[in-house]
Amino acid sequence: MPRAATGAITAAFLRAQAPHMAPLASRIARAFPGLATAAATRFAPSSSASSPRLGLVPRLRSARSFSGARASPVSGAVSGSSTSEEGQQLQSELIFLGTGTSEGIPRVSCLTHPTKICPVCTKAAEPGNPNRRRNTSILLRHATPSGTTNIVVDAGKFFYHSALQWFPTFGLRTIDGVIITHSHADAIGGLDCLRDWTNNVQSSIPIYVAERDYEVMKMTHYYLIDTSVVIPGAAVSALQFNIIKEEPFMVHNLEVIPLPVWHGQGYRSLGFRFGDVCYISDVSDIPEETYKLLENCELLIMDALRPDRSSSTHFGLPRALEEVRKIKPKKTLFTGMMHLMDHEKVNSDLARLIGTDGLDIQLSYDGLRIPVRL
């Protein structure tokens with residue numbers, strides 16, 4: 001067929017499909033606003049006045065700034081307190097991949113209830129609402145003179161969905177290590193999803209896990225540990241398991257200090273300290289010996305399940321506030337919130353504590369990115 005005729009047919013086909021493609025693009029944009037923004041920025045014509053990397057970062061809703069860093073007034077990108085290019089390049093960051101419970105927010109049962117309306121789940125159904133929460137997980141973007149590494153804490157059931165939204169949004173690609181807090185499904189259920197990285201991005205991913213949780217993985221993810229059972233030709237996650245103890249260990253160039261806690265009676269879980277940051281996502285009680293490891297904490301990220309009381313496995317807001325007063329961090333972000341914790345309402349109540357008690361506390365939310373010292 002002549003080239004001119006081929007071009008004419010192609011042009012006619014595209015004109016015919018245009019009305020159908022626009023609604024599809026609109027639906028994709030509504031479902032994945034961060035992904036749509038990243039795509040629009042990545043493929044837009046570049047200009048000398050804007051940075052392609054900064055364009056991938058959406059405006060953050062952080063109510064207060066964190067010491068030593070500020071948010072860019074243009075795009076919400078985090079930069080170091082130094083205005084030099086070198087200082088900005090070495091700014092480490094912490095990204096909340098998920099801040100919710102095992103079942104996630106919104107609950108399907110709330111959205112389908114025939115008579116009752118759940119205010120928080122109704123809000124969470126709206127794309128971009130801070131009440132939309134996936135399994136608790138963070139990513140540390142550790143910047144050093146020798147390079148930047150991406151270290152994930154926990155890969156739960158919703159890890160794929162978190163990565164689908166936040167990796168393109170923040171320009172993330174590799175995973176240089178995954179640290180496991182405990183062996184419940186909301187912490188390890190997404191290990192199988194790591195196959196996308198080990199099949200297409202990198203050869204393998206190191207996993208750092210306590211012996212007791214590794215024993216659980218031998219049952220729940222046996223084929224990732226004993227790869228001899230995998231059918232030839234099948235491509236599962238290529239993981240390197242490293243057993244950790246309740247003592248400091250290294251992940252690339254980052255020192256990690258385990259923070260042993262109880263996550264229900266007789267069930268041990270780990271929090272972790274990274275430099276000035278202390279992260280405890282699943283806790284019902286803190287052993288006395290762990291408090292020494294929490295001294296001089298700049299930023300505390302801690303479990304706060306519900307507004308009224310604790311459960312048998314998680315701190316509620318009253319107990320979490322007691323622990324903040326005892327640990328005395330400079331700043332606190334709560335995580336692991338269920339659907340009774342309305343982001344705007346609870347944050348409004350917490351904001352009063354800065355004046356009455358001198359406590360700087362907020363709720364975190366999925367996609368929150370903050371500068372940290374590691």
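Please read all numbers here as calculations on a predicted model, not as lab measurements. Only heavy atoms go into these numbers, but all of them, side chains included; no hydrogens, no water, no symmetry mates.
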Requested in this report: Report yes if the side chains of D282 and H314 come closer than 4.5 Å at any heavy-atom pair, otherwise no.
Outcome: yes
**Report entry** Under 3.5 Å: donor-acceptor pair, side chain of K328, backbone of R325
**Finding:** yes
Query - D360 and its salt bridge (Lys or Arg N to Asp or Glu O under 4.0 Å) partner, picked from R352, K331, K330 - result: K331
Query - Gap between atom CZ of F159 and atom CG of L194 - 0.5 Å precision - result: 5.5 Å
Requested in this report: In sequence, state the C-alpha distance, the side-chain angles, and the governing distance for K218 and D226, and then conclude on salt bridge (Lys or Arg N to Asp or Glu O under 4.0 Å).
Outcome: CA-CA 8 Å; K218 286 181 178 179; D226 180 10; over 6 Å; no
**Report entry** Separation of L300 CG from I280 CD1 (nearest 0.5 Å)
**Finding:** 6.0 Å
Report summary line: Shortest non-hydrogen pair, S203 vs A238, comes out as O-CB, 3.5 Å
Query raised in the report: Could you state the interatomic distance from OH (Y279) to CE (M302), rounded to the nearest 0.5 Å?
Result: 12.5 Å
Query raised in the report: Under a single-linkage definition using a 4.5 Å side-chain heavy-atom cutoff for Ile, Leu, Val, Met, Phe, Trp and Tyr, are Y208 and L374 assigned to the same hydrophobic cluster?
Result: yes
Report task. Nearest 0.5 Å please: distance from the CZ atom of F315 over to the CZ atom of R309. Result -> 15.0 Å
**Report entry** Heavy-atom side-chain contact between L270 and L259 under 4.5 Å
**Finding:** no
**Report entry** Aromatic ring pairing H184/Y267, orientation class (parallel under 30°, perpendicular over 60°, tilted between)
**Finding:** parallel
Query - Student check: side-chain heavy atoms of L139 and L172 closer than 4.5 Å - result: yes
Query raised in the report: Counting only heavy atoms not in Y160, do more than 12 fall under 6.0 Å of its OH?
Result: no
Report task. Verify, without hydrogens or angle tests, whether T290 (side chain) and I286 (backbone) share a donor-acceptor contact under 3.5 angstrom. Result -> no
Query raised in the report: From T136 OG1 over to M337 CE, what is the distance, rounded to the nearest 0.5 angstrom?
Result: 10.0 Å
Report task. Look at atom OH of Y222 and say whether more than 12 heavy atoms of other residues, nucleotides or ligands are closer to it than 6.0 Å. Result -> no
Report task. Answer yes or no: is there a side-chain heavy-atom contact under 4.5 Å between C110 and H339? Result -> yes
Query raised in the report: Side-chain contact, heavy-atom cut-off 4.5 Å: I179 with F249?
Result: yes
Report task. May I ask you to decide if R134's main-chain N or O and D366's side chain share a donor-acceptor pair within less than 3.5 Å? Result -> yes
Query raised in the report: Do the rings of F274 and F272 sit parallel, tilted or perpendicular, given the 30° and 60° boundaries?
Result: tilted
**Report entry** 4.5 Å side-chain heavy-atom contact, I301 and L94
**Finding:** yes
Query - Salt bridge R268-E246, side-chain N to carboxylate O under 4.0 Å - result: yes
Report task. Measure the shortest side-chain to side-chain distance between L140 and N150 over non-hydrogen atoms and say whether it is less than 4.5 angstrom. Result -> no
Query raised in the report: What are the two closest heavy atoms between L363 and D342, and how far apart are they?
Result: CD1-O, 4.3 Å
Query - Side-chain donor or acceptor of T101 paired with backbone N/O of M338 under 3.5 Å - result: no
Query raised in the report: Between the main-chain N or O of L97 and the side-chain N or O of S162, is there a donor-acceptor pair closer than 3.5 Å?
Result: yes
Query - Check: V209 main-chain N/O paired with D213 side-chain donor or acceptor under 3.5 Å - result: no
Query raised in the report: Is the backbone of R195 close enough, under 3.5 Å, to the side chain of S237 for a donor and an acceptor to pair up by distance?
Result: yes
Query - Derivation and outcome, side chain to side chain contact (heavy atoms under 4.5 Å, CB included), residues R141 and T149 - result: CA-CA 6 Å; R141 186 183 251 172; T149 53; over 6 Å; no
Requested in this report: Using atom types as modelled and distance alone, determine if a side-chain donor or acceptor of D285 lies under 3.5 Å from a backbone N or O of W262.
Outcome: no
Query raised in the report: Can you hop from V152 to M217 via hydrophobic side chains spaced under 4.5 Å?
Result: yes
Report task. Report the C-alpha separation of R107 and E103 in whole Å, then their side-chain angles, then the decisive distance to 0.1 Å, and conclude whether the salt bridge (Lys or Arg N to Asp or Glu O under 4.0 Å) test is met. Result -> CA-CA 7 Å; R107 289 181 175 179; E103 61 200 350; 2.6 Å; yes
**Report entry** Salt bridge flag under 4.0 Å for residues R319 and E323
**Finding:** yes
Query raised in the report: Donor-acceptor pair, N135 side chain versus S102 backbone, under 3.5 Å?
Result: yes
Report task. Report yes or no: does D176 contribute a side-chain atom to a donor-acceptor pair with the main-chain N or O of I151 at less than 3.5 Å? Result -> no
Requested in this report: Would you indicate whether the side-chain heavy atoms of T335 and R133 approach each other to under 4.5 Å?
Outcome: no
Requested in this report: First locate atom CG of D303, then atom CG of L317, and finally report the distance between them rounded to the nearest 0.5 Å.
Outcome: 11.0 Å
Query raised in the report: So with a 6.0 Å cut-off around CD of Q265, is the heavy-atom count from everything else above 12?
Result: no
Requested in this report: Salt-bridge test for K157 and D186: reply yes if a basic N is under 4.0 Å from a carboxylate O, no otherwise.
Outcome: no
Query raised in the report: For T144 and H142, what are the C-alpha separation, side-chain angles and deciding distance, and is it a side chain to side chain contact (heavy atoms under 4.5 Å, CB included)?
Result: CA-CA 7 Å; T144 69; H142 183 215; 3.4 Å; yes
